[in-house]
There are 2 protein chains.
Amino acid sequence: MISFEGLRLEEGQPIYQQIVLHVKRGVVSGAIADGDELPSRRILSAVLGVNPNTVQKACRALEEEGLIASHAGARSFAVVTPEIIAACRAELVRGGAESWARAARGLGLGLDEALELIREVWDCSKEGEEP
Amino acid sequence: MISFEGLRLEEGQPIYQQIVLHVKRGVVSGAIADGDELPSRRILSAVLGVNPNTVQKACRALEEEGLIASHAGARSFAVVTPEIIAACRAELVRGGAESWARAARGLGLGLDEALELIREVWDCSKEGEEP
DNA sequence: TAAACCGTACTATGCGAATAATACAGTCGC
DNA sequence: GCGACTGTATTATTCGCATAGTACGGTTTA
């Protein structure tokens, strides 16, 4: 069963996108394997404290991207292939790195400064991680 | 006069926040100096192709943060102090670095992999820069 | 088979962002 | 002083996100 315990909803971004992102992170980190079952729409919405329609919207998006498969009437389950893992990894890590690098360059940072900054905040980012 | 030529509006984020971000980037990169005049709300809204109220909302936010000063009836101008530059720099670069580092760690990357990824996308981010 | 669960769809409502169209008062240059 | 500009405020409308409630048909399982 796919876990949504670590999902902390934040405002400023659509909830259904945060749910999609949580699944993609799980796929990339290996927490979600091929064939893993999703909680039902109703149960997941109760767990997250959001509306079932919001969960359904996220599931619809996930199915359109091929990350889950839904048989009307039965539980949905994850579809994880090496191609999907690679696609999610590229989207999540590399996409974020590119946008940050572009921003840093636009702000006048050099490569060495950027690398040093990452080194600094890397240790900082260790604090506050869940056990 | 503060330039907004390089501002390319994207959907998915409130326009007024993008305007605020553009000004902060200009302050950090040195493109905006203390006392620089802003285009009028009406002219800027025409240039960006958005509603004057949206520009006004951005200007209101900028004034509340102390980045611009507005005398009712006269042109607004930028207020750039070393403290403001430091604050903007911290908010823009370090904030982005922290969030990306946290995401990369959550995805199972190590520091060395993260640094290597930044090195890769750094060259990639050079392409597509405006002259 | 029948109850309990599942995915899916639909309409209605509230809210914030953005748009649109004004209106008013203060400042500047002639 | 006067006209052209400025910042500021107001109301109404549209759109996407989230909520709320309900309904239908398929699947599972006891």
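Sequence lines set the chain letters: A, B, ... in the order given, protein chains first and strands last, and positions in each chain run from 1. Keep in mind the model is a prediction, meaning the values are calculated, not measured.
Annotation: the span from L109(A) atom CG to E116(A) atom CD amounts to 11.0 Å, rounded to 0.5 Å. Atom CG of L38(B) is separated from atom CZ of R75(B) by 9.5 Å, given to the nearest 0.5 angstrom. Between the CD atom of E113(A) and the CD1 atom of I118(A) there is a distance of 13.0 Å, given to the nearest 0.5 Å. Rounded to the nearest 0.5 angstrom, L44(B) CG and R42(B) CZ are separated by 12.5 Å. To the nearest 0.5 angstrom, I84(A) atom CD1 is 11.5 Å from I32(A) atom CD1.
Counting non-hydrogen atoms of other residues, nucleotides and ligands closer than 6.0 Å to CD of E64(A) gives a total above 12.
Interface residues of residues 31-43 of chain A facing DNA chain C, ordered by number: S40(A), R41(A), R42(A), I43(A); criterion, heavy-atom separation under 4.0 Å. For DNA chain D, the neighbouring residues in residues 49-62 of chain B, judged by any heavy atom under 4.0 Å, are N53(B), Q56(B), R60(B). Less than 4.0 Å separates DNA chain C from at least one heavy atom of each of the following residues of residues 65-81 of chain B: A72(B), G73(B), A74(B).
Across the protein-nucleic acid pair, Q13(B) atom CD and dG16(C) atom C1' stand 15 Å apart, rounded to whole Å. The interatomic distance linking L44(A) (CG) with dT8(C) (C1') rounds to 16 Å, in whole Å.
E63(A) comes within contact range of the sugar-phosphate backbone alone, with a heavy-atom separation under 4.0 Å but no base atom that close.
Taking the six-membered ring where the residue is Trp, H71(B) and F77(B) present tilted rings, their angle falling between 30° and 60°.
Using modelled atom types, no side-chain atom of Q56(B) and backbone atom of R41(B) make a donor-acceptor pair closer than 3.5 Å. The closest donor-acceptor contact from the side chain of Q18(B) to the backbone of E10(B) lies under 3.5 Å.
A sub-4.0 Å separation between OP1 or OP2 of dC17(D) and a side-chain N or O of Y16(A) is present.
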Please report the C-alpha distance between T81(A) and E83(A) in whole Å, then the side-chain angles of each, then the deciding distance to 0.1 Å, and finally whether the side chain to side chain donor-acceptor pair (under 3.5 Å) criterion is met. CA-CA 5 Å; T81(A) 66; E83(A) 292 78 23; 3.2 Å; yes
